[in-house]
Amino acid sequence: VQLQASGGGLVQAGDSLRLSCAGSDSTFRSYVWGWFRQAPGREREFVARLGWNSGTKVYGDSVKGRFTISKDNARNGVYLHMNSLQPEDTAVYYCAAGNNIWSANSRDYYYWGQGTLVTVSS
């Protein structure tokens, strides 16, 4: 397993949650990291991405101002800090690693975590 995602769970609207994604080795520090999510019956949606070397961060419009992506140096991975969660944030969240900081297309990401479910109740 190259990427390991964790941290999902059931929370109430307005709560916060932190997702983690660990890379299997330090080579993942050179990648662009992304978080995507997929709700039932919907297409996979870009959430956030981070360029490990550049520090560049980009967010999807639906999470801007509420979610923050950051590095996890100890585990060669990233966090996704989610604040002010709403029921529409309910989805399976996936972490991924690629090499194009300018792309929100999931096809540009080569490594994927297994997904972690976030459920937000109203």
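If you're wondering where the values come from, they're calculated on a predicted model, not measured in any experiment. Hydrogens, waters and symmetry mates play no part in the numbers below; they use all other heavy atoms, side chains included.
- Here the straight-line distance linking atom CD of E45 with atom OG of S106 works out to 12.0 Å at 0.5 Å rounding.
- By the side chain to side chain donor-acceptor pair (under 3.5 Å) test, S70 pairs with H81, sequence neighbours left out.
- Y59 places a side-chain N or O within 3.5 Å of a backbone atom of I69 that can act as its donor or acceptor partner.
- Under the 4.5 Å side-chain heavy-atom criterion for grouping Ile, Leu, Val, Met, Phe, Trp and Tyr, W52 is connected to V47 within one hydrophobic cluster.
- Scanning for side chain to side chain contact (heavy atoms under 4.5 Å, CB included) contacts around D89 gives R37, R66, F67, L85, Q86, Y93, V120, with sequence neighbours left out.
- Using modelled atom types, no side-chain atom of R29 and backbone atom of G23 make a donor-acceptor pair closer than 3.5 Å.
- For S122 against P87, the heavy-atom pair with the smallest separation is CB-CG, 3.8 Å.
- Put simply, CD on E88 and CZ on R42 are 9.5 Å apart, with the number rounded to the nearest 0.5 Å.
- With sequence neighbours excluded, the residues forming a side chain to side chain contact (heavy atoms under 4.5 Å, CB included) with S103 are N100, N105, D108, listed by chain and number.
- Using a 4.5 Å cut-off on side-chain heavy atoms (C-beta onward), C21 and Q4 make no contact.
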Stepwise side chain to side chain contact (heavy atoms under 4.5 Å, CB included) test for L19 and M82: CA-CA 8 Å; L19 305 183; M82 304 184 294; 3.7 Å; yes

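- Residues L80 and T68 form no side-chain contact, since every pair of their non-hydrogen atoms from C-beta on lies 4.5 Å or further apart.
- Defined by atom type and a distance below 3.5 Å, a donor-acceptor pair is missing between the side-chain atoms of N76 and S26.
- Listed by chain and number, the residues in a side chain to side chain contact (heavy atoms under 4.5 Å, CB included) with V92 are Y94, L117 (sequence neighbours excluded).
- Residues passing the ring pair (Phe, Tyr, Trp, His ring centres under 6.0 Å) test with F36, sequence neighbours excluded: F46, Y109, W112.
- For the side chain to side chain donor-acceptor pair (under 3.5 Å) test, no residue two or more places apart in sequence or in another chain qualifies with N53.
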Listing, residues 5-15 side-chain donor-acceptor contacts under 3.5 Å, not counting sequence neighbours, or none:
unit_1, atom_1, unit_2, atom_2, d
D15, OD2, Q12, N, 3.1

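- Residues passing the salt bridge (charged side-chain N to carboxylate O under 4.0 Å, His left out) test with D61 are K64, sequence neighbours excluded.
- Sorted pairs that involve residues 109-122 and meet salt bridge (Lys or Arg N to Asp or Glu O under 4.0 Å), not counting sequence neighbours, are lacking altogether.
- Counting all heavy atoms, side chain and backbone alike, V78 lies closest to W35 at CG2-NE1, 3.5 Å.
- Each salt bridge (Lys or Arg N to Asp or Glu O under 4.0 Å) pair with one or both residues in residues 74-83, not counting sequence neighbours, appears once here: D72-R75.
- Judged as a salt bridge (Lys or Arg N to Asp or Glu O under 4.0 Å), not a single pair has a partner in residues 46-59 (not counting sequence neighbours).
- When the side chains of ILVMFWY residues are joined at heavy-atom separations under 4.5 Å, either directly or via intervening members, V63 and L50 end up in a single hydrophobic cluster.
- By the ring pair (Phe, Tyr, Trp, His ring centres under 6.0 Å) test, Y111 is found to be paired with F28, Y31, residues two or more places apart in sequence or in another chain being considered.
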